[in-house]
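What follows is one structure encoded as structure tokens, with my remarks underneath.
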Amino acid sequence: MIDDTRQILSIQSHVVHGYVGNKAATFPLQYRGWNVDSLNTVQFSNHPGYGSFTGFRDDKENLYKIIDSGLINGLNIKYNAIITGYLPSVDSLQSISRLVNDLCIKEQIPWILDPVLGDNGKLYVDMECVTIYKDILSTCQVYLTVPNQFEMETLTGMKIKDMDTLKRSFQNFHRSYPGVKRVIVSSIDFSMDHSQSTDCDTYTVAFAESPNFDQFQYFTVEKIQAHFNGSGDLFSALLVDMLFPVVEQSVTSTLASAVGKALNLTHQILNKTYRLTVKSVETHPPSETETVPHIKDLKLIQCAELLRIRTEDIDIRYPLSQVK
Ligand SMILES: Nc1ncnc2c1ncn2[C@@H]1O[C@H](COP(=O)(O)OP(=O)(O)OP(=O)(O)O)[C@@H](O)[C@H]1O
């Protein structure tokens, strides 16, 4: 019998309660046939979105030793992919990124980098991390990066207001970070710019790949009227799965089809989470500062059956467009 499991190193945050970071990525990946080596960069009681939390951050020496002496030189593990998310300090971001870059180049491992900087106009890391991420992206070999709109704007130094500025931001990105092969901007909300009379019932998920960052493709996706924690971590985990299916299954041939399938599955999970949370949403309406309900915990366990679907059976439900 052929062992067709794949092996991933997932370097992300951990919460004891809830589903963000490694907790959002591990279960879906395991369910879809991956051996997940999850290296937790922090251990917090819960997502900071709850308003309060306790816990601790691991330091760069520990994280470095676990990867270098433990997993790579100790056990000689060969990974099919490495994903990096939240790293808790400037030091750990710098040293772990260098280590992962060297390893990925030496062993030809695809590196999926989530440049965790912030969301909705706000930085939630030290300002210095922006400089470090810029440095990493301009000097390293990255298979795929998945910034959200705010992160793309921060990394390219320009606001994304419409298709024209989005196009320029992809061009700027490629000029500044030529070693990054693929970029997917996970959710662009043109209605955030109140001077634009765009409809706010949809998101745009846009992507471009080397060598041609002068053109990009995008899906227009219907918005669920809620703010979810962990959706980005879930989406990048599912993307990895769609990009590297087991050899015996039909191979997902294009970035567009991998994005389309990952979006479909993400949305089914978010929709089910929304439905299952609706009762408590009704009893806990959005606060005065929020315009939509804040759903802090994905209902991943209740969505287990959704995760069983074979990659080739997942439809691409959203319209795909291209800008040249
Ligand atoms: N309210 C929503 N309605 C529909 N889709 C959503 C919604 N929120 C997130 N998504 C989907 O999940 C994907 C990833 O979410 P998002 O872009 O918000 O990630 P993120 O900002 O990195 O999130 P986080 O870091 O909080 O997990 C998006 O591409 C989008 O398709």
Side-chain angles (χ1 to χ4, degrees), residues 10 12-15 18-25 28 41-42 44 46-50 83-87 112-125 133 144-155 160 183-192 199-207 217-240 242 255-256 258-275 277-278 281 286 290-300 303 316-320:
S10 178
Q12 302 198 55
S13 59
H14 170 81
V15 285
Y19 296 96
V20 295
N22 265 337
K23 280 282 288 287
T41 56
V42 301
F44 292 159
N46 52 274
H47 187 270
Y50 271 90
I83 185 161
T84 56
Y86 180 66
L87 282 151
I112 294 85
L113 180 151
D114 185 356
V116 180
L117 289 172
D119 205 356
N120 299 316
K122 279 196 212 113
L123 261 190
Y124 42 62
V125 294
Y133 266 118
L144 166 70
T145 188
V146 280
N148 60 31
Q149 177 174 359
F150 171 71
E151 290 159 346
M152 184 72 168
E153 290 175 342
T154 307
L155 293 168
I160 299 169
V183 181
I184 302 171
V185 188
S186 57
S187 51
I188 303 159
D189 190 344
F190 291 122
S191 66
M192 297 290 273
D199 92 68
C200 39
D201 295 332
T202 58
Y203 273 122
T204 300
V205 179
F207 47 97
Q217 292 178 289
Y218 65 94
F219 285 104
T220 306
V221 179
E222 79 233 23
K223 201 189 276 182
I224 305 162
Q225 292 304 328
H227 175 79
F228 297 91
N229 287 140
S231 47
D233 308 323
L234 170 68
F235 177 60
S236 23
L238 293 175
L239 256 174
V240 173
M242 303 304 152
L255 183 59
V259 175
K261 286 173 184 236
L263 275 177
N264 181 337
L265 210 40
T266 303
H267 278 247
Q268 290 193 51
I269 292 170
L270 297 186
N271 266 317
K272 184 156 183 186
T273 296
Y274 182 79
R275 285 199 306 276
T277 318
V278 159
V281 166
E290 293 168 338
T291 50
V292 292
H294 181 177
I295 299 183
K296 301 177 186 85
D297 296 320
L298 298 175
K299 302 282 187 194
L300 281 190
C303 291
I316 295 170
R317 289 173 39 198
Y318 302 102
L320 177 65

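Order of listing sets the numbers, starting from 1, for every ligand and every atom in it. Note: hydrogens, waters and symmetry copies are ignored here, and every other heavy atom, side chains too, is used.
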TODO: Measure L270 to ligand 1 on non-hydrogen atoms and call it side chain, backbone, both or neither using the 4.0 Å cut-off.
DONE: side chain
Open item on the list: At under 4.0 Å between heavy atoms, is it the side chain or the backbone of I224 that contacts ligand 1, or both, or neither?
Closed with: both
Student check: side-chain heavy atoms of [X] and [Y] closer than 4.5 Å:
{"X": "F228", "Y": "L298", "answer": "yes"}
{"X": "M242", "Y": "L265", "answer": "yes"}
{"X": "V42", "Y": "H14", "answer": "no"}
{"X": "V205", "Y": "Y318", "answer": "no"}
{"X": "V221", "Y": "T202", "answer": "no"}

Any atoms of ligand 1 less than 4.0 Å from a non-hydrogen atom of [X]? List them with their elements.
{"X": "E222", "value": "4 (C)"}
{"X": "V205", "value": "29 (O)"}
{"X": "T266", "value": "12 (O)"}
{"X": "L263", "value": "29 (O), 31 (O)"}
{"X": "D233", "value": "27 (O)"}
{"X": "D119", "value": "21 (O)"}
{"X": "K223", "value": "3 (N), 4 (C)"}
{"X": "S231", "value": "9 (C), 12 (O), 14 (C), 15 (O), 16 (P), 18 (O), 23 (O), 27 (O)"}

Among all protein non-hydrogen atoms, which one is nearest to [atom], and what is the separation to 0.1 Å?
{"atom": "atom 16 (P) of ligand 1", "result": "S187 OG, 3.5 Å"}
{"atom": "atom 25 (O) of ligand 1", "result": "Y124 OH, 4.0 Å"}
{"atom": "atom 28 (C) of ligand 1", "result": "S186 O, 3.3 Å"}
{"atom": "atom 7 (C) of ligand 1", "result": "Y203 CE1, 3.4 Å"}

Contact check: [X] vs ligand 1, nitrogen or oxygen atoms, below 3.5 angstrom:
{"X": "H267", "answer": "yes"}
{"X": "D114", "answer": "no"}
{"X": "E151", "answer": "no"}

Task: V116 versus G85, closest heavy-atom pair with distance - done: CG2-C, 3.7 Å
Task: Atom of D114, atom of S236 and distance for their closest heavy-atom approach - done: OD2-OG, 4.4 Å
Open item on the list: Pairing donors with acceptors under 3.5 angstrom, does anything connect the side chains of N22 and Y86?
Closed with: no
Open item on the list: If we count only N and O atoms by modelled type, under 3.5 Å, do the side chains of H47 and D297 hold a donor and an acceptor together?
Closed with: no
- [ ] Inspect the contact between K223 and D189 and indicate whether a charged nitrogen and a carboxylate oxygen are less than 4.0 angstrom apart.
- [x] yes
Open item on the list: Nearest non-hydrogen contact with atom 1 (N) of ligand 1 belongs to which option: G232, A206, A226, A24?
Closed with: A226
- [ ] Have a look at T204 and tell me which of I188, I160, V185 forms a side chain to side chain contact (heavy atoms under 4.5 Å, CB included) with it.
- [x] I188
